[in-house]
Amino acid sequence: MNRFRKEFRLSGSGGQGLIVAGIILAKAASNEGYKVTQTQSFGPEARGGSSRTDVVISNNEIYFPEAQSFDYLIALTQEACDKYLFDLKEDGLLLIDSNYVKNLSMTVNNIVEVDFSDITIEKLGTALPMNIVTLSCIVKLSNLISEKALERAIKEIMKPSIHEINIKAMKLGFELSEQAKMMQ
Amino acid sequence: MTKKEEKMNVPTEKNEPHTQLLQGNEAVALGALAAGVNFFGGYPITPSTEVAEYLSEELPKVGGKYIMLEDEIAGMCSVIGASLAGAKAMTATSGPGFSLMQEAIGYAKQAEVPCVVVNVMRSGPSTGLPTKPSQGDIQQARWGSHGDAPAIVLYPHTVREAFDLTVRAFNLSEKYRTCVTLLLDEVLGHMREAVVLPDPSTLRIINRLKPSVPPEWYKHYEENQKYPTPLASYGEGYRFHVTGLAHDSLGFPTNKSSEVAVMMNRLKKKIIHNIRDLVQIETFKMDNAKIAVFAAGICARSAKSAVNQARFDGIPVGLLRPLTIWPFPDDAAKKMLRDVDVVIVPELNEGQMCREIERLKMDPKSKLISLTKVDGEIITPAEILRVIREVN
């Protein structure tokens, strides 16, 4: 059996919900039967400041738990994109919010560039579930985790009162991934 | 994605049905509950807060008590009081709180009060970097309190091990009637991993010996050949005195050198007569190794990854990892120093563990390399691999 190790980095600023998204991704991977680690790095602030979470998914024991060269990178601020883009694998996938990230310091082969924040507000009436929209989009494109496993993870991690909106956000993320695929 | 790739991504073995996604700090809280903790007193501090948070919810459900006090000093003192009243007691903190607790930790060791202190280390000195990792408290965990206090300090490197070593910390504290420290790296405290916890009914849980003599015969500190003397709890009809001063077998202060010698000797014997029971190490790919990495906690995970890669490249390198860092695994470290030509010690401090290896190094020709990092980031496998390649 081939060993495989896939590295996700979800980066942006504190308050965007990236760490929760990372926990959901890890939970979904665990639901799918993978070995998984989720680590996080953030400043002392509750909002603002840089924030990132790494999820490593493998079919083998994971020793080093942080992501070093990413297969999947979500960057929701220009700062995060500038900081981490060079560590994206050559065939890695970059997902950015075009409202926040305007410049790319490197050409990227696989990129999803959508104004996630605007679309989320337009379709769901609030920008809050943007973390789930972006996560669902990248999960769909990664082909590692089934829709069912992700949905289960969202329900397991989040409190029931916000299930409905986040499941909608998940479906929106899946739709956007279809569009992204067509663009590619 | 092609068919072939899809196939490749099937997990080798499905996770067992009881797999949970657990954070290191949650695993500590669950381990404590499995060991029978029924008192937590402390003051929440990043990056250990989740231990307190989890227990504040769970302890009342099992009839335990959770108290948040005004500071860490009061927190540690409440733990001592609770334990003397019969509770399995613990606290959790980080560097700044650990510093404040040192006086009371020394008291617990001197007065031989079983309890557990969890220190999820963050960068120092002082308040340092609250959310960043460090291994800067390794020597403090040994020498933080004044006087020759005994130290039992455990150090896990995975979420599952955080659970196991928490149970073990309680067991050792009850067995040896002392304060046991569990050190955790910030990364591990906050990290989530898919783990399967053992069935609680399969765990070996140790509870303190209770006196079997009538109250009037009870001595709070009686010389016992192997294990510490039975421990009565306040409120059970036994009368005893507890003090941080040097004391006699009834617990009353004494200046007699003969009685002080007995007391100090007992504290020392707890450790040196029980090294085999206390010290746990893991050897990883040490067969025929000419280079050894000596690492604990999160650095050991980076080291395992580096060792795997180096072995793949044909470099004879292995890892020695202490699960118990105090008492220090002198025998295993000496054997390692005899067996290999070079020892590399990666750690997130300015060489606190490396100086212990230096202390044990007999052969002036054997080479010791200290790889340190104190900028709030962890040492990567590539950084260790670079050193391995340089010395090969």
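No hydrogens, no waters, no symmetry mates; every other heavy atom, side chains included, goes into these values. The shown structure was predicted, so the numbers you read here are calculated from the model rather than taken from an experiment. So you know, we letter chains A, B, ... as the sequences are listed, proteins then strands, and number each from 1.
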Side chain, backbone, both or neither: which part of B:S302 has an atom under 4.5 Å from a heavy atom of chain A?
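Contact with chain A: backbone and side chain both.
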
Contacting moiety of B:I298, where chain A heavy atoms sit under 4.5 Å
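B:I298 touches chain A through side-chain heavy atoms alone.
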
Are side-chain heavy atoms of A:Q16 and A:T77 found at a separation under 4.5 Å?
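SC-SC contact between A:Q16 and A:T77 confirmed.
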
Contact between A:T126 and A:I165 at the side-chain level, heavy atoms closer than 4.5 Å - yes or no?
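Yes, their side chains come closer than 4.5 Å.
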
In chain order, what residues pass the salt bridge (charged side-chain N to carboxylate O under 4.0 Å, His left out) check against A:E90, with sequence neighbours excluded?
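For A:E90, no residue satisfies salt bridge (charged side-chain N to carboxylate O under 4.0 Å, His left out) once neighbours in sequence are set aside.
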
Please identify each residue that fulfils salt bridge (charged side-chain N to carboxylate O under 4.0 Å, His left out) with A:K155, with sequence neighbours left out.
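Listed in chain order: A:E151.
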
Carboxylate-amine/guanidinium contact A:R52 A:E66, below 4.0 Å:
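The answer is yes: the pair qualifies as a salt bridge.
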
Out of curiosity, [X] [atom1] to [Y] [atom2], how far, rounded to the nearest 0.5 Å?
X	Y	atom1	atom2	answer
B:T166	B:F163	OG1	CZ	8.0 Å
B:H190	B:N25	NE2	CG	5.5 Å
B:Q20	B:R192	CD	CZ	13.0 Å
A:S11	A:L18	OG	CG	7.0 Å
A:K140	A:I145	NZ	CD1	12.5 Å

Residue-level interface, residues 124-138 of chain B with chain A, non-hydrogen cut-off under 4.5 Å:
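Hits under 4.5 Å: B:T131, B:K132.
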
For chain A, which residues of residues 380-392 of chain B have heavy atoms nearer than 4.5 angstrom:
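Listed by number: B:T380, B:P381.
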
Which answer fits [X], side chain, backbone, both or neither, if we ask what part of it has an atom under 4.5 Å from a heavy atom of chain B?
X	result
A:E61	neither
A:I57	neither
A:E156	neither

Side chain to side chain contact (heavy atoms under 4.5 Å, CB included) between A:Y100 and A:C81, worked out
CA-CA 10 Å; A:Y100 296 120; A:C81 191; over 6 Å; no

Just to verify, which of A:I162, A:L135, A:I132 counts as forming a side-chain contact (heavy atoms from CB on, under 4.5 Å) with A:I154?
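With A:I154 as partner, A:I162, A:L135, A:I132 yield a single side-chain contact (heavy atoms from CB on, under 4.5 Å), made by A:I132.
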
